[in-house]
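First up is the structure itself, then whatever we jot down about it.
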Protein chains: 2
Amino acid sequence: MEKIISKYKGKFKLTPQRIAILKFLDNNTGHPTAEDIYNEIRKKYPTVSFATVYNTIQALKDRGELSEVTIDPQRKHFDPNLRPHHHIICTVCNRIGDIFTDFSAVLHLPEEILAEYTLTGNHIDFYGVCSECRTGKESMFQQ
Amino acid sequence: MEKIISKYKGKFKLTPQRIAILKFLDNNTGHPTAEDIYNEIRKKYPTVSFATVYNTIQALKDRGELSEVTIDPQRKHFDPNLRPHHHIICTVCNRIGDIFTDFSAVLHLPEEILAEYTLTGNHIDFYGVCSECRTGKESMFQQ
DNA sequence: TACTATCTTGGAACAATTCTATTATAGAAT
DNA sequence: ATTCTATAATAGAATTGTTCCAAGATAGTA
């Protein structure tokens, strides 16, 4: 928490709302949506607006400290984990998990693609059914 | 074209609007959005509505003949290509290309992930810069 | 303690998509 | 060929997620 605050000192204004957002995002592996963030911050700051949530998200994206996860067709999810990684989506409960394996070395593309594109990156979405959903507890998590 | 029509005979009503959509989608590798489809069909049927476009998209998705591509954070793209494949996105012009290499055999996941999930599939997004965008003609394609 | 650039807020605006009620029509039945 | 009916097309309203805006508030500097 002190770490979070000192990290941003003198960079952008640390308002109470922003501190709450930063705390919520710190080590958050749940891939929250803007609404998830809003609902969390609202517990402590009931008058917080979506504008503040989106503004802060944008500020963090601009600083490269948050990335947008475009997996869910309905809404954007956000990910504060800066370590490059892939995702695994449970097709029953839709939760998004992280995969930290680097597959770059084995993703050999055909020559004609390499000639056509200068490659800069890759991202893999794995699909599966998580253990909770397999053991019949899925209703707890379905969205 | 005759092929398209015979394929759907007796399955769902082949209206002129739907036939135009099917023709536009047939062998279409451009990953069109609903608006792309709407604009195309409107050339021939100026009174076509978005509802018809979305209804037809839904009907095709229900029949497994069209998939949704969730890459663009702004809007959905659609892909009539049933052959399993991956995508490559030019980070300059945002065009989506197809990659038909099957990487399943080399995507070995850690044991703890395999224990947690029953895997059902994967999809890779490659990022790069296409040749047009490299040679300075990118403005033609930027969106 | 005062200052000011930046932030927060509520609500309006916007864009993509879905829904609804009405009218039209494809394809089956006659 | 004509009628019938289930399904489709349409215009526009509604909904959802996100962005914008103007006014008041405040963090951090001076």
Side-chain angles (χ1 to χ4, degrees), chain A residues 2 4-24 31-63 66-78 94 143, chain B residues 4-24 31-63 65-78 94 143:
Chain A
E2 263 316 313
I4 297 173
I5 291 174
S6 61
K7 179 178 178 187
Y8 289 93
K9 206 171 245 176
K11 312 258 178 128
F12 77 168
K13 274 197 186 177
L14 278 174
T15 64
Q17 294 88 337
R18 286 185 163 188
I19 291 169
I21 293 173
L22 292 170
K23 280 164 77 173
F24 178 60
H31 308 87
T33 64
E35 190 180 12
D36 294 334
I37 298 171
Y38 172 74
N39 285 333
E40 177 66 24
I41 305 321
R42 208 161 45 136
K43 290 179 189 167
K44 195 166 178 190
Y45 301 97
T47 67
V48 75
S49 68
F50 263 107
T52 295
V53 172
Y54 279 109
N55 284 345
T56 304
I57 285 171
Q58 189 57 54
L60 293 173
K61 285 202 296 184
D62 290 345
R63 295 161 53 82
L66 190 66
S67 67
E68 205 170 286
V69 178
T70 308
I71 283 180
D72 182 342
Q74 299 312 306
R75 69 206 107 243
K76 294 173 183 171
H77 292 248
F78 299 96
N94 294 308
Q143 62 175 32
Chain B
I4 297 173
I5 292 175
S6 62
K7 180 178 177 187
Y8 290 93
K9 206 171 246 176
K11 313 257 180 129
F12 79 168
K13 274 196 187 178
L14 278 175
T15 65
Q17 295 89 336
R18 286 184 163 189
I19 291 169
I21 293 173
L22 291 170
K23 280 163 77 173
F24 178 60
H31 308 87
T33 63
E35 190 179 12
D36 294 334
I37 298 170
Y38 173 73
N39 285 333
E40 177 66 23
I41 304 322
R42 208 161 45 137
K43 291 179 189 168
K44 196 165 176 191
Y45 301 97
T47 66
V48 76
S49 68
F50 263 107
T52 295
V53 172
Y54 280 109
N55 284 343
T56 305
I57 286 171
Q58 189 58 52
L60 294 172
K61 285 202 296 183
D62 289 346
R63 295 162 53 81
E65 290 168 7
L66 190 66
S67 68
E68 206 170 285
V69 178
T70 309
I71 283 180
D72 182 341
Q74 298 310 307
R75 69 204 106 243
K76 295 172 183 171
H77 292 248
F78 299 96
N94 294 310
Q143 63 175 30

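Every chain is numbered from 1 and lettered A, B, ... according to where its sequence line falls, protein lines coming before strand lines.
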| request: Could you please name the option among D:dT18, C:dA16, D:dA11 that lies closest to any side-chain atom of B:S49? | output: D:dA11
| Donor-acceptor contact below 3.5 Å, side chain B:D36 vs main chain B:T33 | yes
| Whether B:R18 side chain and B:K13 backbone form a donor-acceptor pair below 3.5 Å | yes
| Length of the OH-C1' vector between B:Y38 and D:dG12, whole Å | 12 Å
| message | Regarding A:P16, tell me which of base, sugar-phosphate or nothing describes its non-hydrogen contacts under 4.0 Å with the strands shown. | response | sugar-phosphate
| B:H31 backbone acceptor or donor facing B:H77 side chain under 3.5 Å | yes
| note | The nucleotide from D:dA9, C:dA16, C:dA26 with an atom nearest the side chain of B:Q17 is D:dA9
| Candidates D:dA27, D:dA6, C:dT9 - which lies nearest the side chain of A:V48 | C:dT9
| Spacing between B:I19 atom CD1 and C:dT25 atom P, to the nearest angstrom | 14 Å
| request: Please answer whether the main-chain N or O of B:T52 pairs with a side-chain N or O of B:T56 as donor and acceptor at a distance below 3.5 Å. | output: yes
| Nucleotide of C:dT8, D:dA9, C:dT17 approaching B:A34 most closely (side-chain heavy atoms) | C:dT17
| Does any nucleotide pair with C:dT30 by Watson-Crick or G-U wobble geometry, both distances under 3.5 Å, and what is it? | D:dA1
| Integer-rounded Å distance: C:dT8 C1' and A:I41 CD1 | 14 Å
| field | A:Y54 vs D:dT18: side-chain N/O to OP1/OP2 distance below 4.0 Å | value | yes
| request: Find the distance B:L14:CG to C:dA24:P and express it as a whole number of Å. | output: 22 Å
| field | Electrostatic pair A:E35-A:R75, nearest N-O below 4.0 angstrom | value | no
| said: Pick the closest DNA chain C nucleotide for B:A51 and for B:Q74 by heavy atoms, then say which residue is nearer the 5' end. | reply: B:Q74
| query | Once you round it to whole Å, what is the distance between P of C:dA16 and CG of B:D36? | reply | 11 Å
| Looking across every strand, which nucleic acid part, if any, lies under 4.0 Å from A:T47 by heavy atom: base, sugar-phosphate, or nothing? | sugar-phosphate
| What nucleic acid atoms does B:T52 come within less than 4.0 Å of, heavy atoms only: base, sugar-phosphate, or nothing? | base
| note | Whole-Å distance, A:I21 CD1 to C:dT8 C1', equals 11 Å
| query | With nearest nucleotides of DNA chain C determined for B:T15 and B:F78 from heavy-atom distances, which residue corresponds to the more 5′ nucleotide? | reply | B:F78
| said: Measure CD/A:E68 against C1'/D:dG17 and give the value in whole Å, please. | reply: 12 Å
| said: Of the listed nucleotides (D:dA9, D:dT19, C:dA5), which one gets closest to any side-chain atom of A:K76? | reply: D:dT19
| Heavy-atom distance under 4.5 Å between the side chains of A:N94 and A:D72, does that happen here? | no
| How many Å lie between CD1 on B:I57 and C1' on C:dA16, as a whole number? | 11 Å
| query | Can you tell which of D:dT10, C:dC7, D:dA8 lies closest to the side chain of B:R18? | reply | D:dA8
